[in-house]
Amino acid sequence: MIYLNFTDLSEETQNRLLEDSKKDVERKFGEDIRKYVKENYTSFETMIEEEALRNLYSYTFVFNI
């Protein structure tokens, strides 16, 4: 679970969450993504970014108001 203060949904907080998600995706699926990128000639960073955005939906957020 990720605990957030409802009043702190600034761009900085959103970017931090996205960076955490990127690290999580790379840790879990990095090798598979690298293999896919190599076979399909795509950008690793783009793939990580897209998967990180999808990964955010799998998180459980708790908002403190």
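FYI, the numbering just counts along the sequence from 1.
Taking CG from N40 and NZ from K35, the interatomic distance works out to 11.0 Å, rounded to the nearest 0.5 Å. A distance of 11.0 Å separates NZ of K22 from CG of D20, quoted to the nearest 0.5 Å. Atom OG of S21 is separated from atom CZ of R16 by 12.5 Å, given to the nearest 0.5 angstrom. Atoms CG and CG, from L17 and L53 in turn, are 11.5 Å apart once rounded to the nearest 0.5 Å.
A salt bridge does not link K23 to E26: none of the charged side-chain nitrogens sits closer than 4.0 Å to a carboxylate oxygen. With respect to R34 and E31, a salt bridge is recorded, a charged nitrogen being found less than 4.0 Å from a carboxylate O.
Applying the side-chain contact (heavy atoms from CB on, under 4.5 Å) test to N15 and every residue at least two apart in sequence or in another chain returns E11. Every residue meeting the side-chain contact (heavy atoms from CB on, under 4.5 Å) condition with R27, not counting sequence neighbours, appears here in chain and number order: D24.
Shown here is F44, whose CZ atom has more than 12 heavy atoms of other residues, nucleotides or ligands within 6.0 Å.
A distance-only check finds no donor-acceptor pair linking the side chain of N55 to the backbone of E51 [under 3.5 Å].
Both V37 and I48 are members of a single hydrophobic cluster when ILVMFWY side chains are connected at heavy-atom separations under 4.5 Å.
Annotation: side chain of V25 is not in contact with side chain of R54 (no heavy-atom distance under 4.5 Å).
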